[in-house]
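Worksheet for the structure shown next.
Computation of the quantities below employed the complete heavy-atom set of this structure, encompassing side-chain atoms and omitting hydrogens, waters and symmetry-equivalent molecules.
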Amino acid sequence: MKKAKLKEMDVLYATDEIVHLAEQDISEKKEVFYCKYELVFQREVYLRCHISGDILIIAIYLTRNLRLGSKNPSYEIFIDKGKREYLTWDAVNKKWRTARVSMLPLPYYCNYSQIYLTPEDNQVLKEYLGVTKEGVQGIEEYQESILEERLEKKYKKVTSVWDAAMKLVPDLPKDWERWVSRHGLEEHFIFYDYSRNVKEGYCTWCGKTVPVKNARHNTFGTCIRCGHRIQYKARGRAGRFYTKEAQVYLPQRYGDGLVIRQFAARRSYKRGEYETPGLLCSETGRIIYGKDLVGTQYYSGWYKQREYRWIKGYPSYNFFYGYHDYKLNNAGAVYKRTLPALSRHLLSRTGFMQMVSSGHKISPDDYLSSLADAPYLERLAKAGLIRLALEALRGGVEITQSHSLAKSLGIDRNRLRRLRDNDGGQLFLVWMQYEKESRKNIKDSVIQYFEKQNIKPENLKFIVNHMSELRICNYLKRQYALTGRNPSELLSTWRDYLDMSKRLKRDITLELFYKPRNLLEAHDEVLRLCEDKKLTLQAADIDRKYPDVDTICKAIKEKYEYGDKKYVLLIPDRIEDIIRDGMALRHCTRFSDVYYERIQRRETYIAFLRKADRPEQAFYTVEFEPDGTVRQKRTAGDQQNDDFKQAVGFIRRWQKAIRPRLTEEDYRLAKESARLRVEELKELRKKNARIWNGHLAGKPLADVLEADLMEAALCMDEAAAEELDAMEDELMIAA
């Protein structure tokens, strides 16, 4: 329809009858919305219909305008039945609208009973539009049918291409359902009639009656006839049930390419019909590959909320129901009988045939789509390393470029053969690499055991210097038989036991200690001897990272310990003392590695400032440099209270007392410590590092640390220190 011609048509003015009805209408105040009241007329809208040539004109008048004397329509709807088109002229806003009549800005509270249309005009409207409904509802019905046709035409442009692609997909093989039931679904059963001496049952894999031994409901066993793993089901107790849903794949030729079809399958068993189960097998996805093996994916689902069909793309995510239908990349069994024809041409350089023939469940799309970025998958598959190839799909397998596959994997030819013969995965390869690097010979059965238990070479570092891998394997087997604990848990218990034994000064190089007869009993015994397991294990962990801390603490005790009538400065004997002091005062030495790292490299040391009459009670923790320079002194909650002022004189006397004991090496270490301290403060200021917790929150960290500093070079003589002590005592008494 041309808008210019529509504008030239005569305007349908309101008839005298319509104007009279509008003037006679009585308004009533009604609640049109929650707590909102308006004046509402019995008839809010009037309609007129007229056919001009091939065009139906529908004029819409508002009662409010008619009562003001206006006979002009507020809206004019033009409908061309032949062209299946409609347009609306908005006389109020002077513009054309393509909206349906239901979307026009009429009074929002207006309903069909408040719209007036003469019977004659209503008949004209129904006959022209060919609708069954009357009035505005008839107009809506007609306009919606036009929109539906337009949408259908729009979607057809897209879906016709998809449908054409789907028509080329071959039919299912004749034995497809039988193959799915036997090979695609792993769960098989032997159904038997319960009796004291069960002798036979029906095997779902064999499809025949077979001999049965030691059958118990829901227990697992092996069919004597076919050798498959089965689950026993007593007919009287099985009831109705379904097998677990499994993914199965069907590769087929598709023109010059191939299509991978995915199905979700499961069996249903009804009481009394166990020999004839139902097979539920629905196709959920298709991936079409061209010669370049680039896949185009389709999934089965609802398209635009219109129809259930094949849709190009990936399933969208639904907040309530998760992924639409099924994920299209789950591993499953693959139908093999269509592969020979495909492998001669399209799949000859992929290794896909070898992957499927191995019997492993795979995701065909994951494998084929990964070949472009991981061409080594073909080498692994054709070398018979199927399990390794499957794990390489998930990442984590390091493969370098080399003409030799063995060198690419970091092993030699002999170990490559062993890897293939054992169908080894990533962990088996890690053990092969470890064996080659450490120049050891480990039995395949031992590696298989470690692989099954997910035990890596680094998991045995704590014990491998004392025992061979074979002895470790045998020991774990015996302990498992003795305790019933998982081997991975036993390793953790074993390591804790040795760590605590070491802290107890046991000689763990002796077999009596590193290989106890009953690991759990030995662990519990050591635990009873330790004051605190958590503290002991924390100390053991620190000792592994900083093995010289204990030795250094003992070596410096005589040099740095000092005391008088009021205070003593003690050096810890071991790591546990530092942790315990930090726990008592609730500051960072109990969990920060910084202080142990500094002790390890002899940058600073830790000392405990205690009152002479209570040397066992934590008071202040002091960090000092080798020449006696105090870096930090902190009490409970990482604070420094006024009570430390009384100890300042003691610290000065201590700094003076230790000077004759220091060696040239101590001064060299002190010089390096001072340099590191200056660099650290400079870096903290550069980063504008601040304290975020506690009473010093918000203050620059460098300023706080610098304020803590008590340089050893500023040591006063003993008389000055005693005088300072006396002044501090007087101040305390006055306070």
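Within the 4.5 Å cutoff, side-chain heavy atoms of Tyr449 are placed close to those of Pro487. Counting only heavy atoms from C-beta outward, the side chains of Arg631 and Leu705 never approach each other to under 4.5 Å. Using a 4.5 Å cut-off on side-chain heavy atoms (C-beta onward), Trp431 and Lys436 make no contact. The shortest distance between side-chain heavy atoms of Asp708 and Val630 does not fall below 4.5 Å. The side-chain heavy atoms of Phe650 and Leu609, taken from C-beta on, include a pair separated by under 4.5 Å. Looking at Phe624 and Thr629, their side chains never come closer than 4.5 Å, going by heavy atoms from C-beta outward.
A salt bridge links Arg610 with Asp581: the distance from a Lys NZ or Arg NE/NH1/NH2 to an Asp or Glu carboxylate oxygen falls below 4.0 Å. Under the 4.0 Å criterion applied to side-chain N and carboxylate O atoms, Glu672 and Arg675 are assigned as salt-bridge partners.
Within the cation-pi definition used here (under 6.0 Å to the ring centroid, within 45° of the axis), Arg229 qualifies as a partner of Phe220. Judged by the 6.0 Å distance and 45° axis criteria, Lys633 is not positioned over the aromatic ring of Tyr620.
Between His403 and Arg379 the shortest heavy-atom distance is O-NH2, 3.2 Å. In this structure, Ala381 and Tyr367 approach most closely via the heavy-atom pair CB-OH, 3.7 Å. Between Leu429 and Leu409 the shortest heavy-atom distance is CD1-O, 3.7 Å.
Judged by distance alone, with hydrogens and angles left aside, the side-chain atoms of Thr536 form no donor-acceptor pair with the main-chain N or O of Met500 at under 3.5 Å. No donor-acceptor distance shorter than 3.5 angstrom exists from the side chain of Arg485 to the backbone of Tyr480, with no hydrogens or angles considered. Judged purely by atom type and a 3.5 angstrom limit, Asn459 uses its side chain to pair as donor or acceptor with the backbone of Lys456.
Residues satisfying the ring pair (Phe, Tyr, Trp, His ring centres under 6.0 Å) criterion with Tyr475, sequence neighbours excluded, are Trp494.
Heavy-atom contacts from other residues, nucleotides or ligands closer than 6.0 Å to NZ of Lys557 number more than 12. For Glu679, the CD atom sits in a packed shell: over 12 heavy atoms of surrounding residues, nucleotides or ligands are nearer than 6.0 Å. Enclosure of atom CD in Glu683 by more than 12 non-hydrogen atoms of other residues, nucleotides or ligands within 6.0 angstrom is indicated.
Within the structure, the salt bridge (charged side-chain N to carboxylate O under 4.0 Å, His left out) test picks out the following pairs touching residues 464-483 (sequence neighbours left out): Lys440-Glu469, Arg471-Glu511. Residue pairs meeting the side-chain hydrogen bond (donor to acceptor under 3.5 Å, both in side chains) criterion with at least one member in residues 411-428, sequence neighbours excluded, are His360-Asp423, Asp412-Arg415, Asn414-Arg417, Arg415-Glu435, Arg417-Asp421, Arg418-Glu435, Arg418-Asp444, Asn422-Asp444, Asn422-Gln448.
Summarising the geometry, atom CG belonging to Leu520 is positioned 6.5 Å from atom CG belonging to Leu490; distances are rounded to the nearest 0.5 Å.
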Discussion item. Please evaluate residues Glu623 and Thr604 with respect to the criterion side chain to side chain donor-acceptor pair (under 3.5 Å), reporting the C-alpha separation (whole Å), side-chain torsions for both, the decisive distance (0.1 Å), and the verdict.
Written reply: CA-CA 7 Å; Glu623 182 189 15; Thr604 62; 2.9 Å; yes
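The six-membered or imidazole ring of Tyr605 lies near that of Tyr560, with a centre-to-centre distance under 6.0 Å.
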